[in-house]
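In this text, all values refer to a predicted model and were calculated from it rather than measured experimentally.
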Amino acid sequence: IRNCVKLRRTPSYPPRGPFPDCDCVGMGTAVDMLYKSLHAKGRTKDYVQFDTLRQIRSSATVSYQSSSIGMMEGSSFSRGSTRVRPTNC
């Protein structure tokens, strides 16, 4: 960075921060699943089965996909039955 200052140019690599304040990778959903697995009891067993915990992940996925951001990521246009073109518009 000192050489960049001497040469009055910006570094060739992108800045490393600041990191976003939001949950960008779904760690909140993972924490919810862990919390439920540790503190909830199943109907017939002392623990909650994985299929029950999967409902949390599924509902978070459907909620994201139905939001305005998720709809932009999953859009695609197709012509005929063989070509699918993913798009962000």
Side-chain angles (χ1 to χ4, degrees):
I1 293 182
R2 288 184 209 138
N3 291 337
C4 290
V5 172
K6 288 178 185 177
L7 297 173
R8 294 183 189 165
R9 65 181 212 93
T10 58
S12 301
Y13 51 87
R16 295 182 52 118
F19 291 109
D21 292 335
C22 63
D23 178 18
C24 300
V25 293
M27 288 301 290
T29 305
V31 169
D32 291 342
M33 290 176 70
L34 284 172
Y35 184 81
K36 186 169 183 174
S37 72
L38 294 173
H39 295 286
K41 291 196 175 201
R43 230 185 273 169
T44 58
K45 308 261 181 170
D46 290 339
Y47 56 88
V48 179
Q49 295 182 354
F50 181 72
D51 286 340
T52 304
L53 292 174
R54 238 177 21 149
Q55 293 171 358
I56 297 171
R57 186 178 63 193
S58 298
S59 61
T61 301
V62 169
S63 174
Y64 176 77
Q65 288 175 347
S66 64
S67 70
S68 59
I69 298 168
M71 290 191 65
M72 297 295 281
E73 286 185 3
S75 4
S76 64
F77 293 108
S78 63
R79 174 181 255 173
S81 61
T82 58
R83 287 187 170 175
V84 175
R85 296 183 182 130
T87 181
N88 286 333
C89 60

Anything under 3.5 Å between a donor and an acceptor, one on a side chain of residues 1-26, the other on a protein residue two or more places apart or in another chain? List them.
unit_1 : atom_1 : unit_2 : atom_2 : d
Arg9   : NH2    : Ser12  : OG     : 3.2
Asp23  : OD1    : Gly26  : N      : 3.2
Asp23  : OD1    : Met27  : N      : 3.0
Asp23  : OD2    : Met27  : N      : 3.3
Asp23  : OD2    : Gly28  : N      : 2.8

Show every donor-acceptor pair shorter than 3.5 Å between a side-chain atom in residues 53-64 and any protein atom, with sequence neighbours excluded, or say none if there are none.
unit_1 : atom_1 : unit_2 : atom_2 : d
Ser58  : OG     : Arg54  : O      : 3.1
Ser59  : OG     : Gln55  : O      : 3.1
Ser59  : OG     : Ile56  : O      : 2.9
Thr61  : OG1    : Arg57  : O      : 2.9
Tyr64  : OH     : Glu73  : OE1    : 3.3
Tyr64  : OH     : Glu73  : OE2    : 3.0

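The cluster map of Ile, Leu, Val, Met, Phe, Trp and Tyr, joined by side-chain heavy atoms under 4.5 Å apart, puts Leu38 and Tyr35 in different clusters.
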